[in-house]
Protein chains: 2
Amino acid sequence: MRESGSKATQIHTHQPSGKTKLDRRTILEAGADFIDQHGVRELSMRRLGAALGVEAMSLYRHVPSRENLLDGIVELIMDQLYGDPEVYLEPRNGWQDYLFRLAHGLRRMALAHPRIFPLVATRPPEAPWVRPPLRSLRWIDSFLGALTSSGFRPEAAVAAYRAFSSFLLGHLLLEVAALGAEIGPVETDDGQAQETGDLSEYPQVLQLQDLLSEDRSADEFEESLENLLERLGTLIR
Amino acid sequence: MRESGSKATQIHTHQPSGKTKLDRRTILEAGADFIDQHGVRELSMRRLGAALGVEAMSLYRHVPSRENLLDGIVELIMDQLYGDPEVYLEPRNGWQDYLFRLAHGLRRMALAHPRIFPLVATRPPEAPWVRPPLRSLRWIDSFLGALTSSGFRPEAAVAAYRAFSSFLLGHLLLEVAALGAEIGPVETDDGQAQETGDLSEYPQVLQLQDLLSEDRSADEFEESLENLLERLGTLIR
DNA sequence: ATGCTTTGCTTACATCGTAAACAAGCTTTC
DNA sequence: GAAAGCTTGTTTACGATGTAAGCAAAGCAT
């Protein structure tokens, strides 16, 4: 499995015992888990090493720096999209279905890793045309191919790509931020859960407080996505 | 100039000489300048102190922590909106004009401080209904008031607030990120400006490369904003 | 003058990312 | 088998960071 050298070296698994042999892949996975559980702020090389039962410096045999580690984690998470059976690399039922599935796949990814998604969103991309949250050339190529093969002119496909990115980025970032607000900063533990400040200066907010607190993100996502798809439809040749 | 206590203490300016008396406000301004010039990563308490001709620990008399400093800088930048003569706190020519001006004001703010805007976008908000990039209760109140007084039902005003936030967040974050890609990570200085990797595996990207590199953000902003306003119009009672 | 409060400086500490030298296995070659 | 080399983890070390604690000087009120 997993590929690599695999010539004749693979005759006997040398360490079938407990300790899962250090490895870039295992480090990235452990890093992702760590961030899921404790947040990026808490992730230090020493702590991640400890989580793997290893000294901090050992990680540097497989990962050149902390920055690169974070990039690797982002890439690892993004790769989950390939494993999502609901998302297709090629359009099978038209471009709308393709985009619909892609958007929902990305949303699932963001909601599965709310502490990691901000990294996906803000880490500097490797090329100017790589726009978060679609940070992989392979997916971008797939995206553009899906649209051009469905009758979009090149300009329209690119415009659609841009509109799609910024819609997803905005919506998902706010959605995971709202999630994080409940889970996030370890509770302010000075008594109880952050007293709602004095809103008497803000009558509208005060009055609409209930509506504002309501979580309609799933519906809003659906509606906005639908609207976006309609709008993109008008770009078609 | 600059205001402050100004009761009776101000009879004689004790330090009329060069050094501009330390102060939360001056620290925040210096911090904002620093980030504008060098980026958040480079901002350390010691360096900011040095920039102000003062020891790091002196800052702690006016600012409780680095985290709080960053929050303060975000708030400071957000307050520039009040000084923008093109943006009104009350709707003067209907809600569409109000939103149009607000959106453009925020865009000007983001483009004026591309290294700071990601902070505006991602710092954990003080209340769950505070959605970046509109991080101030006063503006949120203004927003909701503008819409309800223009005939939006409460649910519609809140829905509009959400749609508006996520549109702006996505678009502006991507726009400043693209800006930062040109200015950003101090150049990789290993020869010249980051060779365009091998795109032979990605024929669509390769073929649309020119279109993808084109900067149409201003136009896209205009068009998407217009579309958003139209769409919000259908929510009106 | 005397004391109080404000403000900045000095020193100190735990923690961080990571460079460098080293050691203990493997793998390869005879 | 042994010798040589490579791979992988450890040890030690350094400079930088955020910030707690105590100190000192300078402004104010008495």
Side-chain angles (χ1 to χ4, degrees), chain A residues 2 4-28 30-31 34-35 38-73 119 123 185-186, chain B residues 2 4-28 30-31 34-35 38-73 119 123 185-186:
Chain A
R2 185 158 299 161
S4 78
S6 80
K7 268 288 160 56
T9 333
Q10 205 62 346
I11 296 177
H12 60 330
T13 50
H14 35 54
Q15 286 308 87
S17 68
K19 298 289 141 200
T20 25
K21 207 68 176 66
L22 218 44
D23 188 354
R24 174 163 231 260
R25 179 62 179 261
T26 25
I27 292 180
L28 294 184
F34 194 102
I35 299 181
H38 310 104
V40 214
R41 293 294 317 279
E42 300 296 310
L43 176 65
S44 78
M45 298 304 274
R46 288 184 234 263
R47 285 209 264 257
L48 180 55
L52 283 160
V54 119
E55 292 303 311
M57 287 312 289
S58 310
L59 305 176
Y60 285 91
R61 291 286 162 193
H62 310 272
V63 159
S65 71
R66 187 187 126 109
E67 291 297 285
N68 180 284
L69 170 72
L70 294 181
D71 285 339
I73 292 174
L119 284 187
R123 215 111 250 286
V186 207
Chain B
R2 183 155 297 162
S4 76
S6 80
K7 268 288 160 56
T9 333
Q10 205 63 347
I11 297 178
H12 60 328
T13 50
H14 35 54
Q15 284 310 82
S17 67
K19 300 289 141 201
T20 24
K21 206 72 177 67
L22 218 44
D23 188 355
R24 174 162 230 261
R25 179 61 179 259
T26 26
I27 293 180
L28 294 184
F34 194 101
I35 298 182
H38 309 105
V40 215
R41 291 297 315 280
E42 300 297 308
L43 176 65
S44 78
M45 298 304 275
R46 289 183 231 264
R47 283 208 265 259
L48 181 54
L52 282 161
V54 119
E55 291 302 311
M57 287 312 290
S58 308
L59 305 176
Y60 284 90
R61 291 288 162 191
H62 309 273
V63 157
S65 71
R66 188 187 125 108
E67 291 296 286
N68 179 284
L69 170 71
L70 294 181
D71 285 339
I73 291 174
L119 284 188
R123 216 110 250 285
V186 206

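Below, chain A is the first sequence line, B the second, and so on; all start at residue 1.
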Enquirer: Quick one: closest heavy-atom pair of B/S65 and B/Y60, and the distance?
Expert: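 Looking at all heavy atoms of both residues, the closest pair is CA-CE2, 4.0 Å.
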Enquirer: For A/H62, give me all partners under ring pair (Phe, Tyr, Trp, His ring centres under 6.0 Å), at least two apart in sequence or on another chain.
Expert: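 Residues passing ring pair (Phe, Tyr, Trp, His ring centres under 6.0 Å) with A/H62: none at all.
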Enquirer: In whole angstroms, how far is the P atom of D/dT12 from the CE atom of A/M45?
Expert: 20 Å
Enquirer: Which heavy atom in A/L22 sits nearest to a heavy atom in A/S58, and how many Å separate them?
Expert: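 Heavy-atom minimum between the residues: CD2-CB, 4.0 Å.
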Enquirer: Report the distance from atom CG of A/L22 to atom P of C/dG25, rounded to the nearest whole Å.
Expert: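 Going from CG in A/L22 over to P in C/dG25 covers 17 Å.
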Enquirer: Between the protein and nucleotides 21-24 of chain D, which nitrogen or oxygen pairs come in under 3.5 angstrom?
Expert:
from: D/dG22; atom 1: O6; to: B/R61; atom 2: NH2; distance (Å): 3.4

Enquirer: Filter on salt bridge (charged side-chain N to carboxylate O under 4.0 Å, His left out), then keep only pairs touching residues 44-58 of chain B, sequence neighbours left out; what's left?
Expert: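 Found B/E42-B/R47.
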Enquirer: Out of curiosity, A/L59 CG to A/L48 CG, how far, rounded to the nearest 0.5 Å?
Expert: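 Between A/L59 CG and A/L48 CG, I get 5.5 Å after rounding to 0.5 Å.
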Enquirer: Using whole Å, what does the distance between atom C1' of nucleotide D/dT7 and atom CZ of A/R24 come to?
Expert: 17 Å
Enquirer: Starting at atom CZ of A/R47, determine the distance to atom C1' of C/dC16, rounded to an integer number of angstrom.
Expert: 10 Å
Enquirer: For A/H62 and D/dG9, is the shortest distance between a side-chain N/O and OP1 or OP2 below 4.0 Å?
Expert: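 Yes, because at least one side-chain N or O of A/H62 sits under 4.0 Å from OP1 or OP2 of D/dG9.
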Enquirer: In whole angstrom, give the distance that lies between atom CD of A/E55 and atom C1' of C/dA24.
Expert: 15 Å
Enquirer: Applying side chain to side chain donor-acceptor pair (under 3.5 Å), name anything that partners B/R24, two or more places apart in sequence or on another chain.
Expert: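 Partners of B/R24 under the side chain to side chain donor-acceptor pair (under 3.5 Å) test: B/N68.
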Enquirer: Looking at CG of A/L43 and CZ of A/R66, how far apart are the two atoms once the value is rounded to the nearest 0.5 Å?
Expert: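 It comes to 5.5 Å.
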Enquirer: What is the separation between atom CG on A/L48 and atom C1' on C/dC16, rounded to the nearest whole Å?
Expert: 14 Å
Enquirer: For residues B/V40 and B/I35, report the shortest heavy-atom separation together with the two atoms involved.
Expert: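 Between these two residues, the closest heavy atoms are N-CG2, 3.8 Å.
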Enquirer: Is any side-chain nitrogen or oxygen of A/S58 closer than 4.0 Å to OP1 or OP2 of D/dT8?
Expert: no
Enquirer: Between C/dA14 atom P and A/E42 atom CD, what is the distance in whole Å?
Expert: 19 Å
Enquirer: Please enumerate all residues that pass side chain to side chain donor-acceptor pair (under 3.5 Å) together with A/R123, with sequence neighbours excluded.
Expert: A/E67, A/D71
Enquirer: With the threshold set at under 4.0 Å for non-hydrogen atoms, list the residues of residues 64-72 of chain B touching DNA chain D in residue-number order.
Expert: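 The stretch gives B/S65, B/R66 as the residues lying under 4.0 Å from the strand, ordered by number.
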Enquirer: Which whole-number value in Å describes the distance from A/K21 NZ to C/dA24 C1'?
Expert: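 Interatomic distance, NZ of A/K21 to C1' of C/dA24: 12 Å.
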